[in-house]
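The figures here come from the full heavy-atom set of this structure, side chains too, leaving out hydrogens, waters and symmetry mates. Labels below follow one simple rule: chain letters A, B, ... track the order of the sequence lines, proteins then strands, and each chain is numbered from 1.
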2 protein chains.
Amino acid sequence: MPRSGAKTRDTIIVAANTLFYRFGIKATSLDAIAERAGVTKRTVYYHFRSKDDLIAEYLATRDQPNLEAFQAWFEQARGTLPERVRAIFDGVAETIGHARWRGCGFQRTVGELANKPGHPAFKVASAHKKRVESWLAYEFQQRGVPHPEDIACQVTLLLEGAFAAMLMHRDRRYVTQAGNAAACIVGHSLSGRSR
Amino acid sequence: MPRSGAKTRDTIIVAANTLFYRFGIKATSLDAIAERAGVTKRTVYYHFRSKDDLIAEYLATRDQPNLEAFQAWFEQARGTLPERVRAIFDGVAETIGHARWRGCGFQRTVGELANKPGHPAFKVASAHKKRVESWLAYEFQQRGVPHPEDIACQVTLLLEGAFAAMLMHRDRRYVTQAGNAAACIVGHSLSGRSR
DNA sequence: GTAGGTATACCGTACAGTGAGTGTACAAAG
DNA sequence: CTTTGTACACTCACTGTACGGTATACCTAC
């Protein structure tokens, strides 16, 4: 009996989300996703043209929540601008404590698909990171940071570095250091009034 | 006719290096490696216990050359310490220009194996990154940088970020920005005489 | 020095499992 | 009665790993 369409589709995406993130793209089969979603592989292929399609969808679902998490950490923080930037890294450090944390899904997906630069997932991942960067640039510009785009870019670079280093070393101090560096850069740009 | 043993082994590693780096771990089969090395799969299994073994060896071969490249860029650079640190990023930016560049092999491998923290490749990757970090810390300490370990850590974080961002956006400006940030941090630590 | 044995290095083949993707049938909804 | 959504059963190529066999190199006893 056909369920309400969109519901099945969402169930599949949720299953894909879990498995792709936990085990990686290549290591996750559509069989496994279908089983976890409680549907047949044929149904998966009804809702998605191909595995590549599903990969892109998987990343797309992570875009908004990720960005909102960053924004929440920043907005809820008190203190000077560098301190509030550091709060983003503190927030990241917390999520990393989760047993199921496996690095940045965007980074890992792009890493696996490195040989397929035209893959749809690439665009989704790149767009997500640029959204984060733009948001930061906007916040910095609002607060009179000179060269806000440059500083935002540098902060996102530290975020990327923190994700990568954390996955590699499983040592939370790397996030702390990244937060320190970001705070340093933002603070320096504010006091210097010119990069 | 048995060849000189070590030579065959090296041939296999070279083939694995190329394919693992280009296509990723999961996407590269032992068949493909054996074929490229001009041997049979049986021979691969004679020299390596398993694919996981070969993965670790693949990363191990990238350790020394990578470190030496960083050192060369730093040593050959002229100018102030921040400028010489920036030279490392300039060096990275150049390699990225290569058509075959596919990000940091360590980062991508660890990303694929994120669900297997006990994998031997993890140790190799982590050790490599720590070697780079230690070397930087040593250079900084020699030049009177306060908290050299902290600054070295932050610079390596920017390196990681540069690799990740470059792979995602294919835009060399990210490396430049990372270099700017690193130079800023090093310069700031030198002038401030305390982080 | 040479017969016979042992270790080394390599190949061909087999196998059991899994991967993405498809053809077709069938039930519900409109 | 046509469209939509789901299931079952299937193909076919590929993948990691194991087994058995073979040719050369090396070593030791006589």
Side-chain angles (χ1 to χ4, degrees), chain A residues 1-59 108-109 112-116 118-122, chain B residues 1-59 109 112-113 115-116 118-122:
Chain A
M1 74 198 88
R3 269 182 282 175
S4 71
K7 202 173 278 179
T8 302
R9 192 187 149 88
D10 286 349
T11 309
I12 294 170
I13 291 188
V14 168
N17 204 338
T18 307
L19 296 180
F20 278 150
Y21 180 70
R22 187 178 308 171
F23 301 110
I25 302 298
K26 258 283 184 181
T28 299
S29 69
L30 286 189
D31 284 295
I33 292 172
E35 189 188 343
R36 187 180 180 91
V39 300
T40 324
K41 198 160 49 159
R42 199 66 189 81
T43 303
V44 176
Y45 272 95
Y46 177 80
H47 289 283
F48 304 92
R49 224 175 324 159
S50 62
K51 185 177 182 181
D52 290 328
D53 231 48
L54 190 51
I55 296 167
E57 293 273 2
Y58 145 63
L59 281 192
R108 284 174 54 213
T109 302
E112 274 202 61
L113 303 174
N115 198 48
K116 301 175 178 174
H119 196 287
F122 251 91
Chain B
M1 72 197 87
R3 268 181 284 173
S4 71
K7 200 171 279 176
T8 302
R9 193 187 148 87
D10 286 350
T11 309
I12 295 170
I13 292 187
V14 167
N17 204 336
T18 306
L19 296 180
F20 278 149
Y21 180 70
R22 187 178 309 171
F23 300 110
I25 303 297
K26 259 283 188 182
T28 300
S29 70
L30 286 187
D31 282 297
I33 293 172
E35 189 188 342
R36 188 179 177 92
V39 300
T40 55
K41 225 174 1 173
R42 189 67 188 81
T43 303
V44 175
Y45 270 92
Y46 176 79
H47 289 283
F48 305 91
R49 226 175 322 161
S50 63
K51 185 178 182 181
D52 290 328
D53 230 49
L54 190 52
I55 296 167
E57 292 273 1
Y58 144 62
L59 282 192
T109 302
E112 272 202 62
L113 303 174
N115 199 49
K116 303 176 178 174
H119 197 288
F122 251 91

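Rounding to the nearest 0.5 angstrom, the gap separating the NE2 atom in B:His119 from the CD atom in B:Glu112 is 10.0 Å. The distance from atom OH of B:Tyr45 to atom CG of B:Leu30, rounded to the nearest 0.5 Å, is 4.5 Å. Rounded to the nearest 0.5 Å, atoms CZ (B:Phe48) and CZ (B:Arg9) are 4.0 Å apart.
If one axis is set at each end of the helix from C:dG1-D:dC30 to C:dG30-D:dC1 from five pairs, those axes are 10° apart, to 10°.
Minimum interatomic distance between A:Leu59 and A:Ala121 (heavy atoms only, all atoms of both residues): CD1-O, 3.7 Å. A pairwise comparison of heavy atoms in A:Leu54 and A:Ile33 identifies CD2-CD1, 3.9 Å as the closest pair. Between B:Thr109 and B:Tyr58, the shortest heavy-atom contact is OG1-CE2, 3.6 Å.
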Can you check nucleotides 22-24 of chain C for protein contacts, nitrogen or oxygen pairs under 3.5 Å, and list what you find?
unit_1 : atom_1 : unit_2  : atom_2 : d
C:dG23 : N7     : A:Arg42 : NE     : 3.4
C:dG23 : O6     : A:Arg42 : NE     : 2.6

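Residue B:Ser50 places no side-chain N or O under 4.0 Å from the OP1 or OP2 atom of D:dT17. Residue B:His47 has a polar side-chain atom (N or O) positioned under 4.0 Å from OP1 or OP2 of C:dC10. In this structure, A:Thr43 reaches the D:dA7 phosphate: one of its side-chain N or O atoms is under 4.0 Å from OP1 or OP2. For the OP1/OP2 pair of C:dC10 and a distance below 4.0 Å, the side-chain nitrogens and oxygens of B:Tyr46 include no atom meeting the criterion.
Following rounding to the nearest Å, A:Lys7 (NZ) and D:dT4 (C1') show an atom-to-atom distance of 16 Å. Look at CD on B:Glu35: it is 15 Å from C1' on C:dC11, rounded to the nearest Å.
Counting only residues at least two apart or in different chains, side-chain hydrogen bond (donor to acceptor under 3.5 Å, both in side chains) contacts with residues 28-39 of chain B comprise B:Asp31-B:Lys41. A salt bridge (Lys or Arg N to Asp or Glu O under 4.0 Å) check over residues 43-53 of chain A, counting only residues at least two apart or in different chains, returns the pairs A:Arg49-A:Asp53.
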Output a table of donor-acceptor pairs, distance under 3.5 Å, between side-chain atoms of residues 13-26 of chain B and any protein atom two or more places apart or on a different chain; print 'none' if there are none.
unit_1  : atom_1 : unit_2   : atom_2 : d
B:Asn17 : OD1    : B:Arg62  : NH1    : 2.7
B:Asn17 : ND2    : B:Thr61  : OG1    : 3.3
B:Thr18 : OG1    : B:Val14  : O      : 3.0
B:Tyr21 : OH     : B:Arg102 : N      : 2.7
B:Tyr21 : OH     : B:Gly103 : N      : 3.4
B:Tyr21 : OH     : B:Gly103 : O      : 2.7

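Here D:dT15 is the nucleotide among D:dT6, C:dC11, D:dT15 with the atom lying nearest to any side-chain atom of B:Asp31.
Residues B:Thr43 and B:Thr40 have side chains that bring a donor and an acceptor to within less than 3.5 angstrom of each other.
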Run the side-chain contact (heavy atoms from CB on, under 4.5 Å) test on A:Thr11 and A:Val39 for me, step by step, so that the C-alpha distance in whole Å, both residues' side-chain angles and the decisive distance to 0.1 Å come before the verdict. CA-CA 9 Å; A:Thr11 309; A:Val39 300; 6.0 Å; no

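Sorted by residue number, the members of residues 18-30 of chain A with any non-hydrogen atom under 4.0 Å from DNA chain C read A:Thr28, A:Ser29, A:Leu30.
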